[in-house]
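Basis for what follows: all heavy atoms, side chains included, without hydrogens, waters or symmetry-related copies. Counting convention: from 1, in listed order, for ligands and their atoms alike. Everything numeric here is computed off the predicted structure, so don't read it as measured data.
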Amino acid sequence: MEIKISPSMLASDYANLEAELKKCETAGAELIHLDVMDGHFVPNISIGAPVIKAMKSVCSVPFDVHLMISDPLKYIEAFADAGADIITFHIESESDADKTIDKIIACGCKPAIAVKPGTDVEAVYPYADRLSMALVMTVEPGFGGQSFMADMMPKIEKLRAEYPDLDIQVDGGVNAETIKLCAAAGANVFVAGSAVFKSENPAETILLLKKNAGKL
Ligand code: DX5
Ligand code: ZN
């Protein structure tokens, strides 16, 4: 499986998004992770489609949009138009999963499903054949900078055993140390927010993450 690092812009300097994106691009990040929160599915409100569209205009790395919103189906078109390449929605959201996948594909994007820590990973099995990625959360969605939940690793192992070819993403508390556990469990797509942007040298940290995930 190809190893991909997806820096989460949630932890970046919102006053300098173009410069922050360039750091990721220069370091060879394979994806850019955009966290969308609606203040309903999760307590926070973050960014929406117009900001993502502006970011897309200055970045050539594919955009991995993580929708932490109650009714993702309603907004798929808006995020596709904004430039999303992968659209991830939560299985715990109110939208019908099959219809949401249909819509993401119809809009020309790749569909992915996320599961919160309390959700059994088997919840994605009925849809896995139509997904390009599954996201196993290693924190409760809604905030950056939380501690990594190592007890989620068995969910990754179980999913990897069932789906050897599926991209498995991990999100929450991923850093140069915890990424090793995720990679060993079978994840191959790694989101990192604080670890990248709160470090002294984000580009170097991205390279270290790649190395520790087994890529370099
Ligand atoms: C949390 C978001 C994450 C967040 C991760 O709800 O989905 O993508 O940015 O942040 P870190 O890497 O700081 O835990
Ligand atoms: Zn995320």
Side-chain angles (χ1 to χ4, degrees), residues 4-14 17 20-21 23-24 27 29-49 51-52 55 61-70 72 75 79 82 84-93 109-119 124 132-153 155-156 167-183 187-200 202 205-206 208-210 212-213:
K4 297 173 200 164
I5 304 295
S6 191
S8 166
M9 303 307 292
L10 189 65
S12 72
D13 177 0
Y14 275 17
L17 285 171
E20 297 285 67
L21 288 165
K23 289 177 193 168
C24 302
E30 287 82 3
L31 295 168
I32 300 289
H33 187 84
L34 288 315
D35 289 295
V36 177
M37 306 179 185
D38 65 354
H40 187 252
F41 183 76
V42 291
N44 263 336
I45 298 176
S46 58
I47 58 167
V51 176
I52 291 176
M55 292 166 82
V61 180
F63 276 17
D64 152 32
V65 176
H66 178 192
L67 299 180
M68 287 165 274
I69 64 178
S70 293
Y75 297 96
F79 287 102
D85 294 277
I86 301 168
I87 299 184
T88 303
F89 65 97
H90 272 265
I91 196 69
E92 304 88 356
S93 74
C109 301
K110 294 179 179 170
I113 287 182
V115 289
K116 297 207 275 187
T119 303
V124 308
S132 82
M133 187 171 80
L135 164 55
V136 177
M137 295 294 303
T138 39
V139 297
E140 285 298 337
F143 301 89
Q146 302 182 79
S147 299
F148 178 79
M149 298 167 74
D151 54 341
M152 295 297 116
M153 297 305 97
K155 285 167 73 169
I156 297 174
D167 275 344
I168 300 180
Q169 184 175 53
V170 62
D171 181 9
V174 174
N175 59 35
E177 289 310 310
T178 58
I179 199 168
K180 296 176 188 170
L181 300 173
C182 300
N188 68 303
V189 186
F190 307 92
V191 176
S194 309
V196 169
F197 290 106
K198 307 297 182 207
S199 71
E200 259 178 43
T205 303
I206 291 170
L208 180 63
L209 289 169
K210 284 193 187 202
N212 288 3

Original post:
If you measure from each heavy atom of A11 to ligand 1, is any distance below 4.0 Å?
Top reply: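 No.
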
Is there a heavy atom of G172 sitting under 4.0 angstrom from any atom of ligand 1?
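In this structure, G172 qualifies as a contact of ligand 1 - some heavy atom is under 4.0 Å.
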
Report yes or no: does [X] contribute a side-chain atom to a donor-acceptor pair with the main-chain N or O of [Y] at less than 3.5 Å?
| X | Y | result |
| --- | --- | --- |
| E92 | T119 | no |
| N44 | G142 | yes |
| N175 | A195 | no |
| K23 | F197 | no |
| K4 | Q169 | no |
| T138 | D171 | yes |
| D13 | E20 | no |

Protein contact to [atom] [nearest heavy atom, distance to 0.1 Å]:
| atom | result |
| --- | --- |
| atom 10 (O) of ligand 1 | G144 CA, 3.6 Å |
| atom 14 (O) of ligand 1 | G173 N, 2.8 Å |
| atom 2 (C) of ligand 1 | D35 OD1, 3.4 Å |
| atom 13 (O) of ligand 1 | S194 OG, 2.5 Å |
| atom 12 (O) of ligand 1 | G193 N, 2.8 Å |

What's the atom name of the N, O or S in [X] nearest to the Zn ion (ligand 2)?
| X | result |
| --- | --- |
| H66 | ND1 |
| D171 | OD2 |
| D35 | OD1 |

Please check whether [X] reaches ligand 1 - meaning an N/O of the residue sits under 3.5 Å from an N/O of the ligand, judged on distance alone.
| X | result |
| --- | --- |
| E140 | no |
| G145 | yes |
| V139 | no |
| G142 | yes |

Please list, in number order, the atoms of ligand 1 under 4.0 Å from a heavy atom of [X].
| X | value |
| --- | --- |
| L10 | 4 (C), 9 (O) |
| M68 | 6 (O), 7 (O) |
| H33 | 8 (O) |
| D171 | 2 (C), 3 (C), 4 (C), 5 (C), 7 (O), 8 (O) |
| V191 | 8 (O) |
| F143 | 1 (C), 6 (O) |
| A192 | 12 (O) |
| H66 | 7 (O) |

Requested in this report: Run the numbers on D64 and H66 for side-chain hydrogen bond (donor to acceptor under 3.5 Å, both in side chains), then give the verdict.
Outcome: CA-CA 7 Å; D64 152 32; H66 178 192; over 6 Å; no

Closest non-hydrogen atom pair, [X] against [Y]:
| X | Y | answer |
| --- | --- | --- |
| F148 | G173 | CB-O, 3.3 Å |
| A29 | K210 | N-NZ, 4.5 Å |
| P141 | H90 | CG-CE1, 4.1 Å |
| D35 | S8 | OD2-OG, 2.7 Å |
| S46 | M37 | OG-N, 2.9 Å |

Using side-chain contact (heavy atoms from CB on, under 4.5 Å) as the criterion, point out the one residue from V174, I179, T205, L31 that pairs with I5.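 That would be I179.
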
(request) With heavy atoms under 4.0 Å as the rule, classify the contact between S8 and ligand 1 as side chain, backbone, both or neither. (result)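 Side chain only; the backbone of S8 stays clear of ligand 1.
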
